[in-house]
Each structure stands twice: as structure tokens, then as C-alpha cells.
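No experiment lies behind these values; they were computed from the predicted model shown. Chain A is the first sequence line, chain B the second, and so forth, proteins listed ahead of strands; every chain is numbered from 1.
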Amino acid sequence: MFKIAKERLNELYSKIAETFGLFIPIKKGGEVNYHVWGEGKEVSLETLKTVKSPKNAFFPQSENLMKFKTEGKNLEIIDVRWDKTEKPFVMFGVKACDYKAIEVLDKVFLADPVDTYYQSRREATTIVTLACSRPEESCFCNAFGIDATAPQGDVTTWLDGENLYWQANTQKGEALTAAVKELLTEGGEEKVEAQKASTKAIMEKLPFASLDLSRFKPENLNELFEDPAWESMSEACLGCGTCTFVCPTCQCFDIRDFKTNEGVIRYRCWDSCMYSDFTLMAHGNSRTTQMQRFRQRFMHKLVYYPSQNDGLYSCVGCGRCVNKCPQKLNIVKVIKTLGGKNND
Amino acid sequence: MRDVELKMKERASELLKSGEVARVIGWKKGEFYHDPQPASFESVEELNAFVYNGFCGANLSKYLIQMSKKEGKTAIFLKPCDSYSFNQLVKEHRIVRENIHVIAIECQGKLDIEKIKAKGFDFVTEVEENGDEIAVASLYGNGAVQKDEVLLGKCETCKGKVHQVKDEEIILHEMQAGKKNRFEEVEKLEAMTEDERFAFWREQLQKCIRCNACRNVCPACSCLKCVFDNPASGIAAKANDDKFEEQLFHIIRAFHVSGRCTDCGECSRVCPQNIPLHLLNRKFIKDIDGLYGEYQAGETAEGKTPLTSYTEGDAEPNDVVNGEVR
Amino acid sequence: MIEETLIPKIGVVTDIRKDTPDVKTFRVVGTDGKKLFKHMPGQCAMVSIPGVGECMFSITSSPTNEEYMEFSIKKCGCVTEVIHALEVGAQITVRGPYGKNFPVEEDFKGKDLLFIAGGIGLAPLRSVINYVRHYRKNYGKVVIVYGARSKDDLVDIDEIQNEWVNEPNMEVYLTIDRPQEGWDGHVGFVPAYVKELGLDPNMTAVLCGPPIMIKFTLAGLLELGFEKSRVYTTLELRMKCGVGKCGRCNVGDKFVCKDGPVFRMTELDELPDEY
Amino acid sequence: MQNVTEKKEFTPNIVAFCCNWCSYAGADLAGSSRLSYPANVKIIRVPCSCRVNPSFILKAYQQGADGVILCGCHPGDCHYVTGNYYTRRRMSLLFSFLNYMGIEKERTRVEWVSAAEGARFSAVMNDFVQKITELGENKRLTDLRVKEGE
């Protein structure tokens with residue numbers, strides 16, 4: 001294990017930025033989101049939850065896929081993907097829940113047939129995770145078996161009042177460590193162990209620590225789908241996309257064309273199953289009510305996705321929706337209502 | 001506030017029991033003290049979860065678009081600011097007035113949990129409202145904050161504590177208007193240079209994730225199909241692909257609600273990126289006041305709005321600079 | 001077979017046939033004049049006009065046709081409207097094939113087959129019917145029941161009347177909803193006709209058409225003694241990616257683009273009712 | 001659109017929305033009277049100046065316009081009696097708002113031009129083009145995707 005003094009973090013960022021594009025939580029316009037680091041930027045590693053999750057780096061809110069050019073009757077397709085030969089990048093300060101969320105996304109985008117747009121960005125990234133030390137009441141990653149005190153990733157780091165502690169886990173992580181080695185000194189194991197213990201004690205007190213998910217099983221799919229509680233749970237839903245867009249695992253997208261002076265750009269962008277036009281076709285819509293759309297989102301996270309992926313839930317308990325839903329609806333309320341007998 | 005909640009619950013229970021109304025729209029207990037959610041109650045048993053406290057900031061009037069069309073009468077609890085939206089919706093024939101029983105309720109200003117957390121209480125376990133002081137218990141320490149410092153943005157500039165519509169009222173204590181002038185922030189922006197203003201809005205709007213929360217919560221945004229969802233409009237768009245789209249969305253939205261926006265402040269309350277969207281709408285309100293005479297949308301449920309009327313001597317667009325005739 | 005999930009191939013429209021007032025069949029090949037890709041009966045492809053949009057269509061031509069692919073497209077939305085305005089020689093984009101095909105090499109083999117279609121629902125069935133005709137000896141008796149609103153709305157009527165009716169051991173029954181001048185065939189809705197025909201319930205049935213037709217025809221078949229496990233149909237929902245990633249065409253935990261569009265009735269019974 | 005390989009002198013793209021009854025006829029008259037106005041003004045005919053939705057103006061900027069001018073009948077002379085009175089209010093508010101967001105005030109303008117004012121039409125357009133040329137390219141309200149490749 002290595003460490004670096006907190007005051008020297010800027011040197012670390014600057015060193016990483018020499019060879020990598022460095023994405024790190026930065027405060028801009030009053031809110032903390034992942035942005036590319038640069039001298040003078042206001043880094044905020046302590047921020048527990050960036051508004052947008054790190055998924056934005058691999059699966060950008062909007063991404064050009066290809067261009068079409070027309071000459072007479074002839075059509076030409078130009079691949080405009082992100083150039084792999086550009087600088088590889090480092091995602092710095094990813095929390096345990098958000099790291100788990102990337103695994104959830106991997107299972108969608110890297111499943112056959114591989115989404116090469118996602119893949120190229122994913123492969124070019126070294127992920128440096130940061131252990132949590134000050135969780136808040138909306139956190140419930142432990143309900144999904146995630147250990148916020150020791151996240152995985154290419155490199156795991158811990159931050160306390162004095163130092164950042166650094167431990168490489170993978171080859172990519174070793175390579176990054178080698179690149180910044182001159183700034184690191186050895187040691188810090190005891191401090192990290194102490195922090196882990198104290199954070200774990202806090203984690204036990206999280207109000208949602210023991211959510212009962214036992215009823216969310218593929219065999220209960222139809223029973224859960226038909227549950228009358230969906231009506232009242234979704235009643236206040238505005239049908240906005242806040243929960244979807246702040247969610248680190250939501251991966252639905254739309255593909256759209258945009259006409260430019262030169263031709264047509266085909267891009268994909270985030271879409272939300274909460275939107276009324278999500279499933280709208282020329283001759284009908286399979287989900288006409290907000291209740292159906294609300295149900296779709298939570299059934300997907302808690303039943304459909306696990307059924308397709310060996311029981312892995314596509315919720316990681318980051319609590320962003322708990323904080324951000326305009327009308328205070330969220331997945332916790334759904335789990336408590338439908339999850340099983342042990343929820344109150 | 002506790003006494004108000006009890007009285008409201010009691011009245012809701014009476015109304016439901018007597019069959020005078022089929023449902024009551026209010027707030028339901030959340031997971032914490034600070035996250036009550038809007039809900040409708042159709043039986044006395046359901047009222048067990050009824051709650052009214054300092055975190056019931058949501059404007060409930062828009063739910064009436066759906067609810068007032070249901071079988072039977074709907075009772076709704078409206079705060080003074082929500083009553084403006086209610087009138088505006090009646091004016092635009094979006095809700096059926098005869099099917100609604102309006103209960104005007106007391107409001108002493110609503111609280112913003114994010115502001116409380118920012119004071120160092122980021123693992124809130126309990127909140128207690130004691131008049132102007134809010135006692136907060138958190139895992140990382142207990143303490144008290146001044147109410148004025150943790151009010152929702154929209155309550156800081158509260159435009160008044162008078163209900164514009166009511167069928168009955170539950171007001172047990174005197175209410176006070178906001179302490180700040182609501183145009184102060186607009187004026188601050190007006191005083192900036194063009195470049196500074198552009199930079200300010202660029203930085204703010206760049207955060208926009210196009211979640212549509214501002215649009216969907218807005219009582220003035222009651223179109224059956226929004227232009228931004230309609231591919232035939234030519235401006236339909238979903239995510240931000242270019243800075244232009246954020247500007248386009250917010251300019252068109254602000255313009256579309258101009259003259260109809262009651263300044264309820266819900267857009268800024270719900271924005272996940274905390275973009276001060278109310279400053280867009282307030283600019284229109286301020287300009288309308290200055291150019292065409294003071295106008296407050298939602299004061300009445302009748303009459304024309306500034307943009308659906310005119311006078312022959314109106315100012316020429318080219319002469320209007322910063323909302324004033326030069 | 002898919003090298004790049006979202007990047008399509010360029011297709012050239014070499015022939016356009018007007019089947020009915022609102023259905024046209026487009027013949028498409030690659031820019032090299034060859035068939036764009038191999039497929040199986042029942043599979044679909046994403047067809048797009050850049051700048052307008054991309055839509056999923058079933059490939060109506062048989063896989064045994066090595067020269068070209070055909071799409072029968074009904075004009076009903078903004079993309080199909082533009083497609084209908086295309087002329088021969090126009091270039092479009094195509095990607096695929098997507099979805100699970102009809103089990104022609106497994107469950108269908110050696111069986112008597114019953115195909116029931118309504119309106120544009122014939123499009124996906126035409127592919128499998130012609131496939132069966134091509135490998136005729138592998139399958140038993142074939143019965144086709146096809147109905148449309150009027151005689152002008154019967155898709156591929158030339159092929160049906162000139163080729164299908166002459167095929168040995170293959171029966172074709174046509175019906176239209178209302179009596180019409182110049183039509184001396186059967187009149188009536190498909191579900192009723194199916195019951196009237198008193199079909200052998202041991203056949204393997206394939207249904208395709210509007211949801212309301214499927215619902216009533218299925219009820220009729222069950223009454224006749226057909227088993228749900230030997231009745232197939234296809235689903236259609238909004239799709240964007242075609243590969244189970246964009247998240248909109250799911251019914252329960254199944255994606256129509258990946259796990260469908262062909263479903264056995266018993267499979268559908270296990271899914272929530274949201275299609 | 002234009003292919004800028006070497007840096008050329010800036011010629012702005014101007015979109016002029018002209019009402020069918022007055023300003024479009026005014027433009028016609030300018031043409032038949034052989035009064036010139038710059039070729040980079042693209043006229044879009046609308047039934048009335050009040051048909052112009054703010055989204056039309058923004059869309060013009062998105063597609064690469066450097067200036068947008070709206071022309072209608074003189075107040076009081078509207079073919080539909082009151083249309084341009086509404087235009088006047090809407091545009092006063094919109095222009096003030098655009099400026100509030102940091103968009104240059106002079107980029108957008110309203111002028112009243114009657115069917116008899118061919119000369120005025122020509123003068124207004126010449127003046128507007130000159131102002132926009134001085135102001136330079138529209139950079140604040142433009143869609144970068146549209147201009148890609150230029």
C-alpha cells in the first residue's frame with residue numbers, strides 16, 4: 001500500500017493528467033459532477049454522490065454513432081466513433097456503488113453482440129475507486145452486498161484527514177501506479193484498517209441497511225407485475241426522467257438522426273422508460289399509463305434484469321433517486337412495499 | 001405545525017366519512033421526516049399515513065388535471081402559493097372547478113433538506129421544527145439551524161400569504177411573507193455585462209440533463225403533447241447533444257409559460273442540478289410588470305393575460321432594452 | 001453474423017411492387033448487387049432512411065432466395081411514409097438479421113403446418129411459407145388461411161394465386177371482411193373462418209396479424225383442440241437497437257428483438273400482459 | 001453551405017420573416033423597382049408576423065443564421081386587424097429575454113414595412129446586414145453540429 005499527503009493531491013492529478021485524460025468530481029456551477037481535470041478546477045473528492053453518475057464517461061448522455069453523406073443517390077456511412085488512439089483516461093474517485101454499477105452496465109453493453117462504442121471507452125479507462133467514510137441516510141449499497149469501505153477497481157484509494165492511501169488491484173492499476181510512483185510513499189495499512197472499521201460501524205446504522213429483497217425473484221415475476229400496489233406507488237410520479245438520468249445503472253437509450261449542413265448525424269442519447277413516448281409506435285403504445293412506465297422501471301431493476309443476469313440486481317443502492325426525485329418517490333419505497341415480509 | 005396537521009387530518013377524515021368528497025389530495029409520510037410525498041387518500045384508514053410538515057413543499061395543484069376528472073369530488077390542500085397555480089389552471093380550463101373542494105392551509109415557509117445537509121448534517125436522522133429554529137439530529141452530530149437559512153428558494157421570496165381561492169381554510173397561526181425581494185436576483189443579472197450574463201447562463205444550463213422534471217412539475221406546462229416530445233415540431237429533442245439544445249429548451253419553455261407562470265418556484269425546487277430556473281421566468285414577470293403594468297398570474301381565474309392582450313401604444317421591440325423602453 | 005451492432009449496411013432498392021393501396025414490397029440488395037446478409041424465416045432487419053429514422057421490419061423474402069431480400073411495408077408512420085415515396089435505385093440502410101426465427105429446422109420439420117394471417121401479418125409468414133415450399137419434402141400438409149379487409153388489401157395476391165394454390169399438398173383459403181364486387185371467395189373474419197374450416201388440431205399453427213385477430217383466432221383454435229405449445233405467433237414493439245440493449249421492447253424479462261419476435265403461445269402465457 | 005478553406009470576409013446569413021400582406025409585398029416592390037438588398041437575406045413568407053413562434057427564430061439561429069429580422073404590417077394596419085399588436089408584445093419580451101441570457105440585443109429585430117414601402121424594405125435590409133456584419137458571427141446561439149465540417 002502507498003500513500004500521498006492530502007496537500008499534494010494536486011501534484012498527483014497533474015501527474016496523471018500528463019498521460020491520461022483525468023475525470024474527477026469537480027464543482028462547477030454549484031454542483032459536483034465528473035469533469036476533465038485541469039489546473040485551477042475545484043476538485044471535490046469528498047462529495048459522496050455526484051449528480052450524474054460516472055456512467056457518463058462510458059455511456060455518454062449523447063454520443064455520435066455515425067454520419068451519413070448523400071451524393072446524388074449514393075449514400076455513404078462514415079464511422080465517427082471516439083478515437084481509441086486518443087489519450088486513455090482515468091476515472092478518479094469512483095465510489096463502491098458506482099463501481100458496481102459499471103459492472104451492471106458491462107453485462108448489458110459487453111454481452112454478445114458487444115457494443116463497441118461502450119467497449120472502446122471502457123477498455124481505455126483505468127478506474128480509481130475511493131472508499132466511503134461518511135455515508136448518508138439515503139445510502140443502501142450494503143443491501144446489495146456492496147462493501148463501501150473497500151471498493152474494487154483498478155486502484156482502490158482511501159482518504160482521511162491527512163493522506164490518500166493507494167492500492168493497485170489490477171495490471172492497469174499497476175501501470176497507473178508506476179506512472180505516479182515518484183509521488184507515493186509506502187505505508188498506511190493501519191490507517192486504512194481503522195477507517196474501514198469505523199465506516200463499517202456507521203454502515204450498520206444506515207436506515208435501509210436491511211432491506212428485504214427476497215420476493216424479487218424471477219419466479220415471482222407475474223405476481224409482482226400484477227400487484228395492486230403499483231397504482232398507489234406511482235400515483236405521484238410526474239413522468240420526468242430525473243431518477244433515470246441520475247441512476248448509475250439505467251442504460252436505456254434512443255437513437256436519433258440530426259440533419260446538419262453536411263449530411264446526417266446519427267447519435268444515441270439517454271432515454272427514460274418514464275417518458276410517455278418511450279414505447280410509442282405509429283400504431284400504438286404498449287405502456288400507455290404512468291403506472292405501467294413506473295412499474296417497468298422498477299421491475300427492470302429488481303426482477304427482469306436479475307432474471308437475465310443470474311440474480312444480479314441492477315440497483316446498487318447509491319440513493320441518488322432517494323435524494324433527487326422531485327416528489328420523493330424512489331426504489332426504497334418500492335422495495336419496502338413489495339420486497340418481502342421483513343420490510344417493517 | 002403539528003396542530004395544523006392534526007386539524008387537516010381531522011377535516012380530511014370528516015370529508016371522506018361524510019362522502020362529501022371521494023378523495024383528498026395531501027401528503028403521505030415518507031421514509032424520513034424530511035421526505036413526505038404527494039398522495040391521494042380515499043379512505044379514513046389511508047389517512048393514517050397523512051402528514052403535513054415543513055417539507056411539504058410540493059405544489060399539488062397540477063395533480064388536479066387528472067384527479068378532477070375522476071368520479072366524485074376531490075378535496076385538495078393548497079398553500080397560498082399553490083392557490084395561484086390553481087386559478088391559472090382553472091383559467092386555462094385544465095381542471096374542473098366544480099369537482100374540487102379547496103382547503104386553504106397555513107404555510108410558514110418550507111424547508112430545503114439539501115440546505116440542511118450542507119450545514120454539516122449529512123446523515124439526518126430526525127428533524128424537529130420549533131418555530132424559527134430547526135433542530136436536526138444526525139449521525140455526525142446534533143444541532144440547530146435557523147429556519148431563514150434553510151428555506152426552499154421559492155419560500156425566501158414568498159409573494160404573500162393570502163390564498164387566492166378557497167372553499168374553507170385551516171389557518172391557525174399568522175403567516176408572514178418572504179423577507180427577500182423576488183426581483184433582486186434578476187436585477188443582479190441585469191446589471192452584469194452581456195458577456196457575464198452569457199457566461200453565467202452557460203455554466204448553469206450546461207448542467208442540465210434534460211430530465212424534464214422542471215417541465216413535468218410545472219403547473220403552467222399542461223400541454224397534452226409538448227413540442228419537445230413531438231417530432232413534427234422540428235425542435236423535438238431528448239438529450240443534450242449540443243449546448244444549443246439546452247438553451248433552446250429553456251428559452252422556449254420560459255417563453256411558453258410567460259404571462260401564465262405564477263412564480264410558484266417548483267422548477268427550481270425539483271431541478272436535480274439546482275439550476276436557478278425561476279430566474280428565467282421571473283425575468284418575464286419583471287418585464288411584463290414594467291412594460292404592460294403589474295400582473296400576477298393566478299390572482300383570478302378569469303381575464304386576459306398580458307400576452308393575449310395589447311394596447312395601441314405598446315413599446316416597440318427594438319426600443320426595449322433590459323425590459324425598459326429606451 | 002453482426003460485425004458492428006449499430007452501423008448498418010447500405011442497401012439499394014432494385015424493385016418496388018405496390019401490393020395494396022397502403023402496402024409496398026421493396027426488393028433490396030447491397031451496393032455490390034448481392035444479398036446483404038443471410039437470415040432465417042421470421043427474422044427481422046432494421047431499415048432506415050438517414051435523417052428520418054430507423055424501423056424494424058420482418059424480412060418477407062425466403063432465406064432460400066440467394067439474390068435479394070424483400071420487405072413488405074405498410075404505410076402507417078413518418079418513416080414508412082418516406083419509404084413509400086422511394087423510387088427504384090434509392091439507397092437505404094439495412095442492418096440485421098435480428099431475432100429468433102421460426103423453428104423451421106426443429107419443431108416444424110415433418111409436421112403438418114397451419115398458417116393464419118391477417119392483413120400485413122402475411123409479411124413474416126411469407127418468408128416461412130416459401131421456405132417450406134422450397135424444402136417441400138421436409139414438411140407435411142400445409143394449410144394457409146389468409147384474410148384482409150377487402151380483396152385489394154390482400155398482400156402478395158399474385159404469388160398466392162399463381163404459385164401457392166398450385167403447390168401439391170397445400171391448401172389456401174382466402175377471406176375478406178365484407179362482401180365486395182368481383183370477389184366470389186369467402187367473406188368473413190379470420191377467426192370465424194378458421195372455426196368454420198374445422199381444421200385438424202394436430203397441425204402446428206402459426207398466427208400473425210393484428211392483436212385482436214390473434215386473440216380471437218387463438219380462442220377458436222383452442223376450441224378446435226389445438227395445443228398452445230404448438231401455436232406460434234410474432235410480437236411487435238418499439239425497437240431502437242435490435243440487440244437487447246436500448247431497453248424498450250421488453251415484455252417482462254424477454255426482449256422482443258432478441259428473444260422474439262417469434263414466441264410460442266405457452267411462452268407468452270408466462271409473460272406479463274404488456275404487449 | 002459555404003466552404004471556408006481560406007479565411008473569407010464575413011458575410012452574415014440573415015433570415016427575414018415577412019408577413020404576406022405588407023412586408024413580403026414590400027420586398028416584391030423593392031425587387032420590381034430594382035432597389036437592391038443584400039443577397040444573403042433569405043426571406044421566409046409567413047401569413048402574419050404573429051405567426052412567428054419564438055422557436056422559428058431560435059431554429060433559424062440553430063441552422064446557422066447570424067441575424068433574424070421580423071417584418072410585418074405597421075401596427076394598426078394588420079390584415080388580420082390585431083396580429084401585429086401581439087407580435088409586438090411577444091417580441092419585446094423575447095428580445096429582452098434573449099439579451100438577459102447574454103445574446104446580443106442587435107441580432108434580432110422587428111421592422112414594420114408596408115406594401116408600398118419598397119424603398120424602406122431595401123434600406124432596412126441594408127442597414128440590418130451592415131449591423132450584423134459589424135456584430136460578427138453568431139456564436140452564442142448556434143448549434144455546433146450544424147456547422148461541422150465548415
Got a second to check how far D/Leu94's CG is from B/Ile252's CD1, nearest 0.5 Å?
7.5 Å

To the nearest 0.5 Å, what is the distance between CD on B/Glu316 and CZ on D/Arg109?
12.5 Å

Would you give the length of the straight line joining atom CD of D/Glu106 to atom CG of B/Asn318, rounded to the nearest 0.5 angstrom?
10.0 Å

Which atoms of D/Ile103 come close to chain B, meaning under 4.5 Å heavy atom to heavy atom: side chain ones, backbone ones, both, or neither?
both

Output yes when B/Asp195 and D/Arg140 qualify as a salt bridge under the 4.0 Å nitrogen-oxygen rule, no when they do not.
yes

For B/His256, does the NE2 atom sit with more than 12 other heavy atoms under 6.0 Å from it, leaving out its own atoms?
no

B/Ser258 side chain reached by D/Arg90 side chain, heavy atoms, under 4.5 Å
no

Should D/Asn99 and B/Arg197 count as side-chain neighbours, where that means a heavy-atom distance under 4.5 Å?
yes

Tell me, for D/Pro75 versus chain B, whether the close heavy atoms (under 4.5 Å) come from the side chain, the backbone, both or neither.
side chain

Using the rule given for side-chain contact (heavy atoms from CB on, under 4.5 Å), can you reason through B/Val320 versus D/Phe95, listing the C-alpha separation, both sets of side-chain angles and the distance that settles it, and then say yes or no?
CA-CA 8 Å; B/Val320 175; D/Phe95 295 177; over 6 Å; no

Please determine whether the number of non-hydrogen atoms from other residues, nucleotides or ligands lying under 6.0 Å from atom NZ of B/Lys115 exceeds 12.
yes

Taking atom NZ of B/Lys91 as the centre, report whether more than 12 heavy atoms of other residues, nucleotides or ligands fall under 6.0 Å from it.
yes

Would one find more than 12 heavy atoms of other residues, nucleotides or ligands at under 6.0 Å from atom CD of D/Glu134?
yes

Chain B contacts, top residue of D/Met101, D/Glu111, D/Met91, D/Lys59 (heavy-atom pairs, under 4.5 Å):
D/Met101

Please check: side-chain N/O of D/Lys105 versus main-chain N/O of B/Asn322, any donor-acceptor pairing under 3.5 Å?
no

So if I apply the side chain to side chain contact (heavy atoms under 4.5 Å, CB included) rule between D/Arg89 and each of B/Thr308, B/Ile288, B/Leu291, B/Thr311, which one comes out positive?
B/Thr311

Separation between OG (D/Ser92) and CG (B/Asp319), nearest 0.5 Å, reads 8.5 Å

Scored by heavy-atom pairs under 4.5 Å with chain D, the best of B/Val227, B/Leu279, B/Val325, B/Val321 is B/Leu279

Between B/Ala199 and chain D, with a heavy-atom cut-off of 4.5 Å, which part of the residue counts as in contact: side chain, backbone, both or neither?
neither

Less than 4.5 Å apart, side chain to side chain, heavy atoms only: is that true for B/Asp314 and D/Tyr85?
no

Over 12 non-hydrogen atoms of neighbours within 6.0 angstrom of CZ in B/Arg182
yes

Students often mix this up, so state it plainly: with edges at 30° and 60°, are the rings of D/Tyr86 and B/Tyr310 parallel, tilted or perpendicular?
perpendicular

Determine whether D/Tyr100 and B/Leu189 make a side-chain contact, defined as any pair of heavy atoms from C-beta on separated by less than 4.5 Å.
yes

CG of B/Asn281 to CZ of D/Phe97: how many Å apart, nearest 0.5 Å?
7.5 Å

Quick one: OG on D/Ser96 to CD on B/Glu190, what's the gap to the nearest 0.5 Å?
7.0 Å

Counting only heavy atoms closer than 4.5 Å, note whether B/Val186 contacts chain D via side chain, backbone, both or neither.
both

Non-hydrogen side-chain atoms of D/Asn53 and B/Phe255 separated by less than 4.5 Å:
no

Heavy-atom distance under 4.5 Å between the side chains of D/Leu141 and B/Ile251, does that happen here?
yes

Within a radius of less than 6.0 Å around CD of B/Gln66, do more than 12 heavy atoms belonging to other residues, nucleotides or ligands occur?
no

